[in-house]
Q: 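Here it is: the structure, laid out below.
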Amino acid sequence: MVTEERARRGTARTDGGAIAPETEEKELGDEMWRRRLGALLLRSPPASSSTAPSSCQHRRHHLLLPSEEPLALGRLARLFTSQAGSDGGDTLKPFIAFVLGGPGSGKGTQCTKIASDFGFAHLSAGDLLRHEIASGSEKGELILDIIKEGRIVPSEITVELIRKAMEMSNAKRVLIDGFPRCEENRIAFERIVGTEPDIVVFFDCPEDEMVKRLLSRNQGRVDDNIETIKKRLKVFENLNIPVVDYYSSRGKVHKIKATGTEDEIFDAVRRLFSSLSRRAYDM
Ligand SMILES: Nc1ncnc2c1ncn2[C@@H]1O[C@H](COP(=O)(O)OP(=O)(O)OP(=O)(O)O)[C@@H](O)[C@H]1O
Ligand SMILES: Nc1ccn([C@@H]2O[C@H](COP(=O)(O)O)[C@@H](O)[C@H]2O)c(=O)n1
Ligand SMILES: [Mg+2]
């Protein structure tokens, strides 16, 4: 998949191929988004991912797209403007889990397993940004420059990509991987999407382990080099940890020790997702 490969590498598309320029995309609207996201993210989960060895090279992003029918506009509007109470009064709001952790802590690896075993859509903010780069849009050029520097993309851009992906997935349970990265991200999500996460999963991993993993990830990402990694770690400490603290103070954070094998970590993840309230699974 040429587009997927470019998205992973964070390189801009130059061949004017299957993905239309941004202006045309706007005209094509929701249907184009459904197809773009489907191509990028819709993958069948592996038959038994909890035991299969997990490799980033073969990671599959599992986005639940239940039908090819265009979504009714009224339903979309209600889905993202209504707040569900803890009594589950509004069954339309998806159950949202933000998945946080430092660079290389294993967010993507574990999200793939959760998506497969617990029926969550997996939306990775980083992957959505890399896909925008691969589309060749003007916005993509800006995003590429920022990612190379390990800085944070303006929240309006990222939240809009996430909002559209959520709409198109129409999923009842959503993992939002690598978001929010800073307070501005968090506030923009609440304002634009109009809701808060139900839970926040935080993968706690020592820096030296994260650096080791990133330097051997070998996916050709433009930010997997020691200079950018150092910057990303600083951004994580200075901007992302305050978001974790904010959600901790609201009792939403579930901290998971992110050392050990992928399967050992997933044992703890599995316990958490098995214990979620019925609201997560009854929708
Ligand atoms: N428990 C683990 N032990 C060793 N390597 C791991 C473990 N979990 C994941 N990895 C590997 O570490 C690398 C980083 O993992 P992953 O991409 O899931 O992290 P991430 O948190 O999504 O990183 P980023 O924020 O950069 O996207 C990958 O190559 C992955 O295969
Ligand atoms: N909310 C976000 C998420 C990501 N970015 C940028 O993308 C880079 C890669 O993200 P990963 O989650 O795939 O590691 C990250 O370093 C940021 O530059 C962002 O700006 N905002
Ligand atoms: Mg990741």
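Note that ligands are numbered from 1 as they come in the structure, with each ligand's atoms numbered from 1 the same way.
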Q: Hey, is Arg151 touching ligand 2 through its side chain, its backbone, both or neither, going by heavy atoms under 4.0 Å?
A: backbone

Q: Which part of Asp177 is near ligand 2, with near meaning a heavy atom under 4.0 Å away: side chain, backbone, both or neither?
A: neither

Q: Let me see the working for Glu167 and Lys164 under salt bridge (Lys or Arg N to Asp or Glu O under 4.0 Å), right down to the final yes or no.
A: CA-CA 5 Å; Glu167 277 186 5; Lys164 282 181 180 166; over 6 Å; no

Q: Under 4.0 Å from any heavy atom of Gly126, which atoms of ligand 2 are there?
A: 10 (O), 13 (O)

Q: Counting only nitrogen or oxygen atoms and a 3.5 angstrom limit, does Ser216 reach ligand 1?
A: no

Q: Which of the atoms in ligand 1, numbered in the order shown and given with their element, are less than 4.0 Å from a heavy-atom of Ser105?
A: 21 (O)

Q: In Å and rounded to the nearest 0.5 Å, what is the CD1 to OG1 distance from Ile143 to Thr158?
A: 7.0 Å

Q: Say whether Gly104 and ligand 1 are in contact under the criterion: heavy-atom distance to a ligand atom below 4.0 Å.
A: yes

Q: Using a strict cut-off of 4.0 Å, indicate which atoms of ligand 2 neighbour a heavy atom of Phe179.
A: 1 (N)

Q: With a heavy-atom distance limit of 4.0 Å, tell me whether Arg221 approaches ligand 1 through its side chain, its backbone, both, or neither.
A: side chain

Q: So which of Glu262, Arg130, Arg213, Arg217 gets nearest to atom 31 (O) of ligand 1, if we judge by its closest heavy atom?
A: Glu262

Q: Any chance the rings of Phe202 and Tyr247 have centres within less than 6.0 Å?
A: no

Q: For atom 3 (C) of ligand 2, find the nearest protein heavy atom and state the residue, atom name and distance (0.1 Å precision).
A: Gly178 O, 3.3 Å

Q: With rounding to the nearest 0.5 Å, note down the distance linking CZ in Phe120 to CD1 in Ile96.
A: 10.5 Å

Q: Using a 4.0 Å cut-off to any heavy atom of Arg130, which atoms of ligand 2 qualify?
A: 9 (C), 13 (O)

Q: Looking only at heavy atoms, what is the nearest atom pair of Ser124 and Arg130, with distance?
A: OG-NH2, 4.4 Å

Q: Counting only nitrogen or oxygen atoms and a 3.5 angstrom limit, does Ser124 reach ligand 2?
A: no

Q: Looking at Pro103, which atoms of ligand 1 are within less than 4.0 Å of one of its heavy atoms?
A: 25 (O)

Q: Please work out whether any backbone atom (N, CA, C, O) or any side-chain heavy atom from C-beta onward of Lys231 is under 4.0 Å from ligand 2, and answer side chain, backbone, both or neither.
A: neither

Q: At a 4.0 Å threshold, what atoms of ligand 1 neighbour a non-hydrogen atom of Leu214?
A: 26 (O)

Q: Among Ile114, Leu272, Leu175, Val253, find the one that has a side chain to side chain contact (heavy atoms under 4.5 Å, CB included) with Val201.
A: Leu272

Q: Checking a contact table here: which protein heavy atom is nearest atom 19 (C) of ligand 2, and how many Å away?
A: Leu129 CD1, 3.6 Å

Q: Can you find an N/O atom of Asn185 closer than 3.5 Å to an N/O atom of ligand 2?
A: yes

Q: Fit a plane to each ring of Phe189 and Phe179, take the angle between them on a 0 to 90° scale, and name the class: parallel (under 30°), tilted (30 to 60°) or perpendicular (over 60°).
A: tilted

Q: Could you list which atoms of ligand 2 come closer than 4.0 Å to a heavy atom of Ala125?
A: 1 (N), 3 (C)

Q: Between Asp198 and Lys93, is the closest basic N to carboxylate O distance under 4.0 Å?
A: yes

Q: Test of understanding: given a 4.0 Å heavy-atom threshold, classify the contact between Ile265 and ligand 1 as side chain, backbone, both, or neither.
A: side chain

Q: Find all atoms of ligand 1 within a distance of less than 4.0 Å from any non-hydrogen atom belonging to Thr109, and give their numbers and elements.
A: 9 (C), 15 (O), 16 (P), 18 (O), 30 (C)

Q: With rounding to the nearest 0.5 angstrom, report the CZ to CG distance, Phe273 to Asp117.
A: 11.0 Å

Q: Atom CZ of Arg181 and atom CZ of Arg232: how far apart are they, to the nearest 0.5 Å?
A: 7.5 Å

Q: Quick one: sort the Phe118 and Tyr281 rings into parallel, tilted or perpendicular, breaks at 30° and 60°.
A: tilted

Q: What are the atoms of ligand 2, with element, lying closer than 4.0 Å to any heavy atom of Ile147?
A: 6 (C), 7 (O), 8 (C), 18 (O)

Q: Could an N or O of ligand 2 be found under 3.5 Å from any N or O of Val153, whether backbone or side chain?
A: yes

Q: Once you round to the nearest 0.5 Å, how far does NZ of Lys231 lie from CG of Leu233?
A: 12.5 Å

Q: Could you tell me whether ligand 1 has any atom less than 4.0 Å away from a heavy atom of Gly260?
A: yes

Q: Can you confirm whether Lys113 sits close enough to Asp263 that some side-chain heavy atom of one is under 4.5 Å from a side-chain heavy atom of the other?
A: yes

Q: What part of Asn218, side chain, backbone, both or neither, has a heavy atom within less than 4.0 angstrom of ligand 1?
A: neither

Q: Looking only at protein heavy atoms, identify the closest one to atom 10 (O) of ligand 2 and say how far it is in Å.
A: Arg181 NH2, 3.2 Å

Q: List every atom of ligand 1 that sits less than 4.0 Å from any heavy atom of Gly102, numbering the atoms from 1 in the order shown and giving each element.
A: 21 (O)

Q: Check whether any N or O atom of Ile152, backbone or side chain, sits under 3.5 Å from an N or O atom of ligand 2, and answer yes or no.
A: no

Q: Say you draw a straight line from CG of Leu123 to CZ of Phe98; how long is it, rounded to the nearest 0.5 Å?
A: 11.0 Å

Q: Tell me which one of Val222, Asp223, Ile147 satisfies side chain to side chain contact (heavy atoms under 4.5 Å, CB included) with Thr228.
A: Asp223

Q: Measure the distances from the heavy atoms of Arg232 to every atom of ligand 1 and state whether one is below 4.0 angstrom.
A: yes

